[in-house]
Amino acid sequence: MDPAKTDLTHEDLEACPIFLGMAGIIDPPREEATKAIEQCKGAGITVKMITGDHIDTAKAIGGEMGIGDGEHALEGKELQRMSDEELREAVQKYDVFARTSPEHKIRLVTALQNDGYICAMTGDGVNDAPALKKADVGIAMGIKGTEVTKDAAEMVLADDNFSTIVAAVEEGRRVYDNLKKTILFILPTNGAESFLIIASILFGAVMPLTPVQILWVNMVTSVTVSFALAFETIEPDAMLRPPRPAKEPLLSGYFLWRILLVSVLIGGGTLIMTTLMLRDRWDANIVNTVTLNAIVIPQMFHLFNVRSIDNFALNRDFFSNKIAFLVSGALIVLQLAITYLPFMNKVFGTYPIEWDDWLYPFGLGLAVFIIIEIEKAIMRSVRKRRALSGHR
């Protein structure tokens with residue numbers, strides 16, 4: 001063109017322009033985002049892409065990241081013509097949506113929610129804010145996100161990285177599992193004490209523990225053994241399980257069974273041991289001290305049962321939580337103190353026992369550990385058979 005020319009018109013393009021070349025710009029997806037989407041699939045989480053880009057661009061990026069098949073997508077103009085019922089079917093069939101407006105995004109979120117899905121929505125622009133507000137979990141971008149979007153969201157992604165969301169899901173599953181493990185540990189503690197005392201009253205036996213000793217049992221297990229479960233690492237299959245149903249109770253029927261079983265094993269085993277000792281005319285002070293240890297020590301063994309709710313306790317991750325071994329050592333020290341320190345004997349009404357008397361509480365603890373591991377193996381087999389029959 002003439003260097004003096006300051007504007008370009010269609011007439012200028014008719015004067016035999018010479019093609020010099022073309023430039024292409026690509027914004028490749030992050031490698032960690034692609035891996036995160038693959039993790040989502042394994043965890044039963046469906047990832048859908050809703051974008052304002054051209055449909056061919058959306059399909060290409062989606063196919064590259066593992067969202068959709070790279071061939072099928074819906075445009076906003078098609079969504080506009082759909083009824084709510086048709087949209088509910090479309091949102092199940094398609095994973096990529098292009099040329100969408102804020103209204104389309106809200107309708108897509110609503111359609112998923114109406115089918116019972118928990119919907120999380122990410123976005124950075126002002127036009128994403130309504131959908132983020134509508135979603136069950138709105139996630140705004142912390143770097144590129146507008147203030148309006150951040151205000152509409154429940155969470156702000158500090159690094160704008162999708163893989164961080166997956167890491168948060170993983171951590172959430174770890175915390176939830178550890179919460180269930182803690183409940184599965186603490187409730188049998190109270191259950192065993194209750195069973196022991198109620199059964200003693202019903203059978204007219206001597207009260208096995210004094211009130212202050214019961215307080216000691218609750219205190220020593222709460223501040224030591226149960227504390228370790230907060231540091232448990234994530235279960236190996238945590239990100240291979242489908243999301244739990246939103247209305248699933250924290251205590252399932254199986255959990256109630258396990259709590260009852262462990263309560264009866266520890267409480268019943270202690271009651272039988274105490275009864276046999278008294279029948280053989282053991283000194284009442286020694287029986288009382290052995291009974292106190294027989295309630296506490298099996299709970300230390302049970303800690304290693306509940307570190308893995310369903311899987312075998314003696315696995316390759318057995319030594320992954322060093323806190324579990326530290327608190328178990330602390331528990332043993334505390335039980336030695338209440339058994340042998342004179343001022344502790346005076347306060348709690350305990351009595352020094354012979355070293356071979358420790359075989360009873362430790363033997364009961366080992367028995368509880370073995371029985372629960374056998375029960376877990378049986379339940380794994382039952383679940384496996386049910387899964388196979390369901391596939392057939």
Side-chain angles (χ1 to χ4, degrees), residues 38-46 169-192 195 225-226 228-272 297-321 324-325 328 362-392:
E38 189 65 31
Q39 280 185 285
C40 284
K41 290 180 180 179
I45 302 170
T46 301
V169 171
E170 186 174 11
E171 178 64 10
R173 292 191 176 190
R174 185 189 76 85
V175 171
Y176 187 78
D177 281 349
N178 288 350
L179 175 62
K180 293 200 298 182
K181 292 173 185 177
T182 303
I183 293 173
L184 193 59
F185 172 78
I186 290 177
L187 290 187
T189 300
N190 298 324
F195 181 90
V225 185
S226 61
L229 294 171
F231 297 91
E232 271 305 308
T233 57
I234 190 168
E235 294 272 353
D237 63 342
M239 291 300 284
L240 299 176
R241 301 196 302 253
R244 61 183 176 85
K247 296 183 179 180
E248 181 183 86
L250 189 60
L251 286 178
S252 63
Y254 174 63
F255 261 49
L256 293 174
W257 151 251
R258 276 278 292 276
I259 291 168
L260 178 63
L261 175 62
V262 177
S263 299
V264 171
L265 286 175
I266 297 178
T270 304
L271 180 63
I272 293 171
I297 297 301
Q299 293 177 39
M300 181 185 71
F301 281 86
H302 185 52
L303 165 69
F304 294 93
N305 287 129
V306 300
R307 284 183 61 198
S308 181
I309 296 174
D310 298 313
N311 297 319
F312 187 49
L314 301 176
N315 53 43
R316 62 181 182 181
D317 296 320
F318 183 72
F319 296 102
S320 62
N321 184 0
F325 294 93
S328 296
F362 276 93
L364 179 59
L366 183 61
V368 170
F369 177 84
I370 293 172
I371 292 171
I372 295 302
E373 288 303 309
I374 292 172
E375 185 268 347
K376 285 160 65 174
I378 293 172
M379 293 306 298
R380 284 197 302 271
S381 177
V382 169
R383 280 191 290 269
K384 187 175 181 180
R385 284 201 300 269
R386 286 177 179 173
L388 290 174
S389 62
H391 286 306
R392 295 190 190 121

**Item:** Centroid-centroid distance, Phe362 to Phe369, less than 6.0 Å
**Value:** no
**Prompt:** Which atom pair, heavy atoms only, marks the closest approach of Phe195 to Val264?
**Reply:** CE1-CG2, 4.3 Å
**Item:** Nearest heavy atoms of Pro243 and Ala43, plus distance in Å
**Value:** CD-O, 3.3 Å
**Message:** Return the CG to CG distance between Leu184 and Leu179, rounded to the nearest 0.5 Å.
**Reply:** 11.0 Å
**Request:** Of all the heavy-atom pairs spanning Ala324 and Ser328, show the shortest one and how long it is.
**Result:** O-OG, 2.7 Å
**For Ile183 against Pro188, the heavy-atom pair lying closest together** = O-CD, 3.9 Å
**Request:** May I ask you to decide if Ala313's main-chain N or O and Glu373's side chain share a donor-acceptor pair within less than 3.5 Å?
**Result:** yes
**Request:** Kindly write out the residues that satisfy side-chain hydrogen bond (donor to acceptor under 3.5 Å, both in side chains) with Lys180, not counting sequence neighbours, or none if the list is empty.
**Result:** none
**Message:** Using side-chain heavy atoms (C-beta onward) and a distance below 4.5 Å, is Val306 in contact with Val262?
**Reply:** no
**Prompt:** Can you tell if the side chain of Asp310 reaches within under 4.5 Å of the side chain of Met379, non-hydrogen atoms only?
**Reply:** no
**Check: Leu229 and Glu232 side chains under 4.5 Å, non-hydrogen atoms** = yes
**Asked** What pair of heavy atoms forms the shortest contact from Arg307 to Glu235, and how long is it?
**Response** O-OE2, 3.6 Å
**Request:** Measure from the ring center of Phe312 to the ring center of Phe318 and say whether it is less than 6.0 Å.
**Result:** no
**Euclidean distance, Ile371 CD1 relative to Phe301 CZ, rounded to 0.5 Å** = 13.0 Å
**Asked** Looking at CG of Asp237 and OG of Ser308, how far apart are the two atoms once the value is rounded to the nearest 0.5 Å?
**Response** 8.0 Å
**Message:** If I compare all heavy atoms of Leu250 with all of Tyr176, which pair ends up nearest, and what's the gap?
**Reply:** CD1-OH, 3.4 Å
**Item:** Spatial distance of atom CD1 (Ile372) from atom CZ (Phe304) [nearest 0.5 Å]
**Value:** 15.5 Å
**Prompt:** side chain to side chain contact (heavy atoms under 4.5 Å, CB included) between Asn305 and Glu375: does it pass, once the steps are laid out?
**Reply:** CA-CA 11 Å; Asn305 287 129; Glu375 185 268 347; over 6 Å; no
**Prompt:** Are the side chains of Ile297 and Leu364 in touch, meaning some heavy atoms are under 4.5 Å apart?
**Reply:** no
**Prompt:** Looking at CG of Leu256 and CG of Leu187, how far apart are the two atoms once the value is rounded to the nearest 0.5 Å?
**Reply:** 9.0 Å
**Prompt:** How far apart are the C-alpha atoms of Val368 and Gln299, what are their side-chain angles, what is the distance that settles it, and do they pass the side chain to side chain contact (heavy atoms under 4.5 Å, CB included) test?
**Reply:** CA-CA 9 Å; Val368 170; Gln299 293 177 39; over 6 Å; no
**Request:** Determine, for Glu170 against Arg173, whether the closest basic-nitrogen to carboxylate-oxygen distance falls under 4.0 angstrom.
**Result:** no
